[in-house]
Amino acid sequence: MSCQSKAVKQWVDEMIELCQPDKVVWLDGSEEEKKRLEEEALSTGEMQLLDQEKWPGCLYHRTAVNDVARVEGRTFICTRKEEDAGPTNHWADPKEMYEKLGAMYDGVMKGRTMYVIPYIMGPAGSPFSKVGVELTDSIYVVLNMRIMTRMGDVAWKQLGDSDEFVKGLHSKAAVDQDKRYIVHFPEDNTIWSINSGYGGNVLLGKKCFALRIASFQAKNEGWMAEHMLILGIENPEGKTQYLTGAFPSACGKTNLAMLIPPAYAEGYKVYTVGDDIAWMRPDKNGENLLAINPESGFFGVAPGTSMKSNPNAMLTTKTNTIFTNVALTDDMQPWWEDMGIPAPAHLTDWIGDDWTPDSDKKAAHPNSRFTAPAGQCPCISDQWEDPNGVPISAILFGGRRAKTAPLVYQSFDWKHGVFVGSTMASETTAAAAGAVGVVRRDPMAMLPFCGYNMGDYFQHWLDMEDKIKNLPKIFNVNWFRLDDNGKFIWPGFGDNFRVLQWILKRCNGEVDAVESPIGYLPHPEDICLDGLDDFTTEDVADLLSVDIDVWEEEIADIEEHYKKFDRLPQELTDQLAAMKERFAKLK
Ligand code: GTP
Ligand code: SPV
Ligand code: MN
């Protein structure tokens with residue numbers, strides 16, 4: 001099967017004329033093709049082979065030192081009208097942007113090969129799924145897209161002769177950070193990316209398509225594209241319930257999606273459906289909200305991943321995985337901080353320099369990543385490729401909050417849940433360029449990923465209420481409260497199951513809760529602590545405390561936050577006023 005779409009062929013011809021590659025390769029997704037590309041990337045030094053006995057099929061790659069994370073300041077949403085991108089997105093006139101970048105793409109692939117990558121976001125044949133084509137001059141991108149998406153002939157088959165596909169153009173160009181642009185034209189289903197070779201900037205199926213373009217499509221078509229993990233929890237009776245969670249980048253989605261329940265929870269199993277992105281839509285009868293994972297791999301944060309913190313991720317990455325910007329041992333094994341393996345006497349760090357344990361720099365970049373096939377995950381759900389998706393019982397919001405947010409609370413209802421999501425905040429991480437550890441409001445973890453006006457996005461969330469009979473319950477979680485010494489209070493990771501269990505009990509009407517001004521809180525004794533030796537119900541009570549003075553500041557900050565939006569739904573302003581009143585009553 002090759003490309004049957006006239007629209008694809010015509011567009012590829014135009015882009016060839018623009019970029020002037022020496023060679024054009026249409027990819028089919030076969031094993032033979034993969035081998036050929038790997039060999040080429042190894043021969044040029046673009047990739048390195050890891051120890052094939054210990055890490056079969058695994059490759060290593062370093063990006064340019066200036067190119068290690070998404071660049072939100074250089075990410076644009078180019079709608080015809082500026083107000084449709086909204087005040088929280090960078091906007092430029094599409095005509096001007098096409099001209100400006102067109103000049104940069106002019107002849108950029110001279111002396112290079114252009115790879116044509118057809119791919120599907122979503123399982124083949126699913127009514128949720130959508131086709132994209134990415135043109136790139138990077139073999140690294142091809143090999144990653146091969147893991148992260150259903151790539152090759154399967155996508156031409158899905159597309160047929162249709163002209164409905166997302167056009168993605170990528171060139172590393174000179175990897176010049178001053179000329180780096182990640183640009184979306186939602187009204188044209190088009191993405192142009194230039195001067196980067198890193199993750200979310202260049203794997204165009206991921207954040208660019210599956211969130212920015214897809215969120216725009218979803219709003220127009222009545223569904224949701226969200227920055228969410230999806231997991232299933234099977235109880236000892238064999239019943240499985242699913243939940244999704246939106247946490248900002250590097251705030252624990254991959255870890256939660258793969259958690260192993262503590263020993264006390266015998267008979268419970270947690271299954272991963274997705275670790276980063278969820279596409280959700282009501283079923284035909286409007287009974288349930290169904291979710292799929294549009295990706296087929298994990299592009300996960302390496303540092304901190306160990307057999308202790310996330311054994312499922314460690315086992316997933318033992319074979320057929322690409323490691324980017326981690327450190328290398330002298331015998332060609334990947335290494336990163338908190339991998340659970342003591343640092344060897346000598347490493348080559350992510351920059352390519354010599355590194356010893358007394359060095360004051362990190363050996364692996366804090367945003368170094370693994371790209372691993374989802375199917376290799378020991379706890380992958382047997383529903384993960386279900387074309388119809390899985391029904392969602394609960395939606396979690398969360399982030400890194402040192403003080404304010406309690407361990408968990410439940411929203412009063414859907415509208416209040418949308419309010420909770422719209423006010424989400426987190427301390428920034430290394431996943432995006434810029435300062436780390438600054439509190440930033442990141443509604444629904446979508447601020448960097450919404451392809452249209454955020455006010456309209458909130459309205460879209462509010463509108464979903466009438467389309468779903470069994471609405472998922474909405475919760476907020478925070479694994480990251482700190483004690484006075486700056487240490488995490490909550491053990492986190494597998495022990496987060498204790499919180500998930502309370503959440504499911506709430507969904508099933510099996511436990512009551514305490515009403516507070518911010519939502520329903522658990523009775524501290526309803527968070528099971530079996531097997532947690534150093535942790536008492538008083539400690540839980542402490543983690544669940546809602547400090548009135550801190551929340552007064554929080555309310556003032558939310559008021560400032562809301563001023564940033566030009567199309568904020570009245571409903572959310574009303575929700576804020578109602579919360580303020582609930583606090584006032586306590587005084
Ligand atoms: P993206 O891939 O950027 O979207 O990140 P993510 O949301 O999938 O985050 P991930 O699970 O990779 O976790 C990021 C960091 O948070 C890692 O360093 C983890 O070790 C740490 N982390 C995850 N869960 C917990 C937790 O429950 N407690 C604590 N203290 N840290 C956690
Ligand atoms: C994130 O930053 O949320 C990621 C990594 O998942 S990237 O693909 O670079 O966006
Ligand atoms: Mn992410």
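Ligands are counted one by one from 1 in listed order, and the atoms in each one are counted from 1 as well. Predicted model, so just to flag it, every value in this text is computed and none were measured. The first residue in the sequence is number 1, and the count goes up from there.
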Check each atom of ligand 1 against the heavy atoms of V301 and keep those under 4.0 Å away; list them by number with element. 12 (O)
Taking CD in E266 as the centre, count heavy atoms belonging to other residues, nucleotides or ligands within less than 6.0 Å. Is the count above 12? no
Given P261, which of V270, I233, L500, D495 fulfils the side chain to side chain contact (heavy atoms under 4.5 Å, CB included) condition? V270
Taking 4.0 angstrom as the limit and counting only heavy atoms of H227, give me the atoms of ligand 1 inside it, by number and element. 4 (O)
Protein contact of atom 6 (P) of ligand 1 - nearest heavy atom, named by residue and atom, plus distance: K253 N, 3.3 Å
Below 4.0 Å from any atom of ligand 2, is there a heavy atom belonging to R369? yes
With nothing but distance in play, are any N or O atoms of D275 less than 3.5 Å from an N or O of ligand 1? no
Is the closest heavy atom of P248 to ligand 1 under 4.0 Å? yes
Hey, can you tell me if W335 and W355 have their rings parallel, tilted or perpendicular (30° and 60° cut-offs)? tilted
Which of the atoms in ligand 2, numbered in the order shown and given with their element, are less than 4.0 Å from a heavy-atom of A431? 2 (O)
My understanding is that only one of N325, T371, T324, N144 makes a side chain to side chain contact (heavy atoms under 4.5 Å, CB included) with H61; could you say which? T324
Going by heavy-atom distance to atom 5 (O) of ligand 1, choose the closest among G200, G492, P303, A250. A250
Test: K219 cationic atom under 6.0 Å from Y452 six-membered ring centre, within 45° of axis: yes
Write out the residue and atom name of the closest protein heavy atom to atom 32 (C) of ligand 1, then the distance separating them to 0.1 Å. F493 CZ, 3.2 Å
Around K179, counting heavy atoms of other residues, nucleotides and ligands shown, do more than 12 lie under 6.0 Å from its NZ? no
Atom 9 (O) of ligand 1 [closest protein heavy-atom partner, distance rounded to 0.1 Å]: G252 N, 2.9 Å
Determine which of the N, O or S atoms in H227 is closest to the Mn ion (ligand 3) and give its atom name. NE2
Should the heavy atoms of other residues, nucleotides or ligands under 6.0 Å from NZ of K564 be counted, would the total exceed 12? yes
Look at atom 4 (C) of ligand 2 and say which protein heavy atom is nearest, naming residue and atom and giving the distance to 0.1 Å. K207 NZ, 2.9 Å
Check whether any N or O atom of F247, backbone or side chain, sits under 3.5 Å from an N or O atom of ligand 1, and answer yes or no. no
Would you mind checking which non-hydrogen protein atom is closest to atom 3 (O) of ligand 2, with the distance to 0.1 Å? S249 OG, 2.5 Å
Regarding I277, does it place an N, O or S atom less than 2.8 Å from the Mn ion (ligand 3)? no
K403 and D547 ion-paired at < 4.0 Å: no
For D276, the ligand 2 atoms whose distance to one of its heavy atoms is below 4.0 Å: 6 (O)
Hey, which atoms in ligand 2 end up nearer than 4.0 Å to a heavy atom of K206? 6 (O), 8 (O)
Backbone or side chain, does any N or O of R70 fall under 3.5 Å from an N or O of ligand 2? yes
Within ligand 2, which atoms have a heavy atom of G200 less than 4.0 Å away? 7 (S), 8 (O), 9 (O), 10 (O)
Stacked cation flag R212 on F449, 6.0 angstrom / 45 deg: no
What is the ring orientation for W461 with F397, classed by angle as parallel under 30°, tilted 30 to 60°, or perpendicular over 60°? tilted
Which heavy atom of the protein is the closest neighbour of atom 2 (O) of ligand 1, given with residue, atom name and distance? R369 NH1, 2.7 Å
Is R400 close enough to touch ligand 1? Criterion: a residue heavy atom under 4.0 Å from a ligand atom. yes
What part of L256 sits under 4.0 Å from ligand 1 if we count only heavy atoms: the side chain, the backbone, both or neither? neither
With a 4.5 Å heavy-atom cut-off, do I395 and P472 have their side chains touching? yes
Between C208 and I182, is the side chain to side chain contact (heavy atoms under 4.5 Å, CB included) condition met? List the steps. CA-CA 8 Å; C208 299; I182 318 300; 3.8 Å; yes
Please state which protein non-hydrogen atom is closest to atom 19 (C) of ligand 1 and give its distance, to 0.1 Å? N255 ND2, 3.7 Å
For H227, the atoms of ligand 2 under 4.0 Å from one of its heavy atoms are 3 (O)
Got more than 12 heavy atoms from elsewhere within 6.0 Å of NZ, K308? no
How many degrees, to 10°, between K207 NZ and D276 OD1 as seen from the Mn ion (ligand 3)? 100°
Please work out whether any backbone atom (N, CA, C, O) or any side-chain heavy atom from C-beta onward of S249 is under 4.0 Å from ligand 1, and answer side chain, backbone, both or neither. both
Would you say the ring centers of W91 and F185 fall short of 6.0 Å from each other? no
Under 4.0 Å, heavy-atom basis, I'd like to know which part of D276 is in contact with ligand 1: side chain, backbone, both or neither. side chain
Please find out if less than 6.0 Å separates the ring center of W490 from that of F535. yes
Per atom 29 (C) of ligand 1, closest listed option by heavy atom (W479, F480, F298): F480
With distance as the sole test, does Q241 use its side chain to make a donor-acceptor pair with the main-chain N or O of G232 at under 3.5 Å? no
